[in-house]
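Here's the structure we're looking at; comments come further down.
Any value given below was found using the heavy atoms of this structure, including those in side chains, with hydrogens, waters and symmetry copies removed.
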Amino acid sequence: MIIGMLIFRDMTQLDFTGPYEVFVQIPGCEIKVIATSLQPVAAKGGLRFIPDTTTGDAPQLDLIFVPGGPGVGALMQDREVLEFLRHQAERARYVTSVCTGALVLGAAGLLKGYRATTHWLSLELLPIFGATPAPDRVVIDRNRITGGGVTSGIDFALVIAGEIAGADTAKEIQLLIEYNPAPPFACGHPATADAAIVDKVRRTRSAIQTARLEQAKRAAALYC
């Protein structure tokens, strides 16, 4: 089974590396790291990744995966990437994303009529692409599998491991990576965080979210 993981400038590295750590341990799976060129790709914060292949040369994938991050605004306008995703989705067994990678799937027209999730700050953008937003950590709707914000990528990938290789294999992977989260604060989601903290995060991100809303509207108008 070939898993293709898209990378792009200013992605959130944990959106990528969390699922990658799980995917590489699924028996019988081959991972392809894909970008628009073979040049190193700098994630948000500067960590660099080296692609295996390009969007133009990638083989047909069984699973296509898109992470999120600040760079999704530009990616939603990238015709080459969107065409690549549409083409791959025609025959892929699974079409997937984590965090705001769902907005890129949406911009490619791949979430219309599907339930999906994304980072909680961007859930309200999914209907622009004809998707039904769901606040769950991982959402499966037919062959579309989407994960919420950043750290949900590990949960998301373990769900996929269970789908591909069975629950026992997914459990073994979870144990091997000692995925046993016990966060020091009950502040990982707006449903449990203090209202004042949620409000502060919304205020500090308001300009970014406003820009992302406009980017999503432009992408939907052009490509959906």
Side-chain angles (χ1 to χ4, degrees), residues 1-43 47-69 71-72 74-112 114 116 118 129 138-147 153-154 156-166 169-170 173 219 223-224:
M1 183 169 186
I2 303 176
I3 296 176
M5 303 184 73
L6 186 69
I7 58 174
F8 55 91
R9 183 178 178 183
D10 287 334
M11 70 177 183
T12 297
Q13 64 84 16
L14 188 55
D15 287 359
F16 173 87
T17 52
Y20 181 89
E21 183 61 32
V22 174
F23 288 163
V24 295
Q25 299 191 62
I26 301 174
C29 287
E30 178 184 356
I31 311 299
K32 296 288 187 183
V33 179
I34 303 168
T36 55
S37 79
L38 292 177
Q39 296 301 309
V41 174
L47 187 61
R48 292 179 179 270
F49 294 83
I50 299 174
D52 298 317
T53 188
T54 67
T55 50
D57 293 331
Q60 176 59 50
L61 305 169
D62 298 296
L63 183 150
I64 179 68
F65 166 77
V66 184
V72 299
L75 212 61
M76 284 191 285
Q77 320 295 324
D78 190 321
R79 289 179 180 271
E80 179 181 347
V81 169
L82 299 181
E83 283 297 328
F84 165 74
L85 293 173
R86 279 192 284 264
H87 175 73
Q88 287 287 343
E90 290 176 359
R91 289 188 289 168
R93 182 176 170 188
Y94 300 105
V95 178
T96 76
S97 65
V98 161
C99 198
T100 49
L103 303 182
V104 181
L105 293 183
L110 298 175
L111 291 182
K112 188 174 183 178
Y114 290 86
T118 186
F129 302 112
V138 181
V139 173
I140 303 177
D141 188 345
R142 289 157 283 175
N143 75 331
R144 304 307 198 248
I145 305 178
T146 51
I154 298 177
F156 152 91
L158 288 168
V159 167
I160 287 177
E163 290 278 322
I164 293 172
T169 297
I173 294 171
Y223 306 118
C224 297

[X] versus [Y], closest heavy-atom pair with distance:
X      : Y     : answer
Val98  : Pro19 : CG2-CG, 4.3 Å
Ile31  : Tyr20 : CG2-CE1, 3.8 Å
Ala89  : Val95 : CB-CG2, 3.8 Å
Thr118 : Cys99 : OG1-O, 2.7 Å
Val72  : Pro67 : CG1-O, 4.3 Å
Ala43  : Gln13 : CB-CB, 4.0 Å

Please check if the side chain of [X] supplies one atom and the backbone of [Y] the other of a donor-acceptor pair under 3.5 Å.
X      : Y      : answer
Asp15  : Gly68  : yes
Glu163 : Val159 : no
Glu30  : Met1   : no
Thr96  : Ile64  : yes
Thr54  : Asp57  : yes
Arg93  : Asp62  : no

[atom1] of [X] to [atom2] of [Y]: how many Å apart, nearest 0.5 Å?
X      : Y      : atom1 : atom2 : value
Leu158 : Thr169 : CG    : OG1   : 11.5 Å
Asp141 : Thr146 : CG    : OG1   : 8.5 Å
Leu85  : Thr55  : CG    : OG1   : 9.0 Å
Phe8   : Ile34  : CZ    : CD1   : 13.0 Å
Gln88  : Gln60  : CD    : CD    : 4.5 Å

Residue [X] excluded, over 12 heavy atoms near [atom1] under 6.0 Å:
X     : atom1 : answer
Ile50 : CD1   : no
Arg79 : CZ    : no
Arg9  : CZ    : no
Phe23 : CZ    : yes

Could you give me the CA-CA distance, side-chain angles and deciding distance for Leu75 and Leu6, then say whether side chain to side chain contact (heavy atoms under 4.5 Å, CB included) is met? CA-CA 11 Å; Leu75 212 61; Leu6 186 69; 4.0 Å; yes

Student check: side-chain heavy atoms of [X] and [Y] closer than 4.5 Å:
X      : Y      : result
Gln25  : Glu21  : yes
Thr17  : Phe49  : yes
Ser97  : Val104 : no
Ile160 : Tyr94  : no

Phe129/Leu105 under side chain to side chain contact (heavy atoms under 4.5 Å, CB included): CA gap, chis, key distance, verdict: CA-CA 9 Å; Phe129 302 112; Leu105 293 183; over 6 Å; no

Indicate the ring-plane relationship of Phe65 and Phe156, choosing parallel, tilted or perpendicular according to the 30° and 60° boundaries.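 Phe65 and Phe156: tilted rings.
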
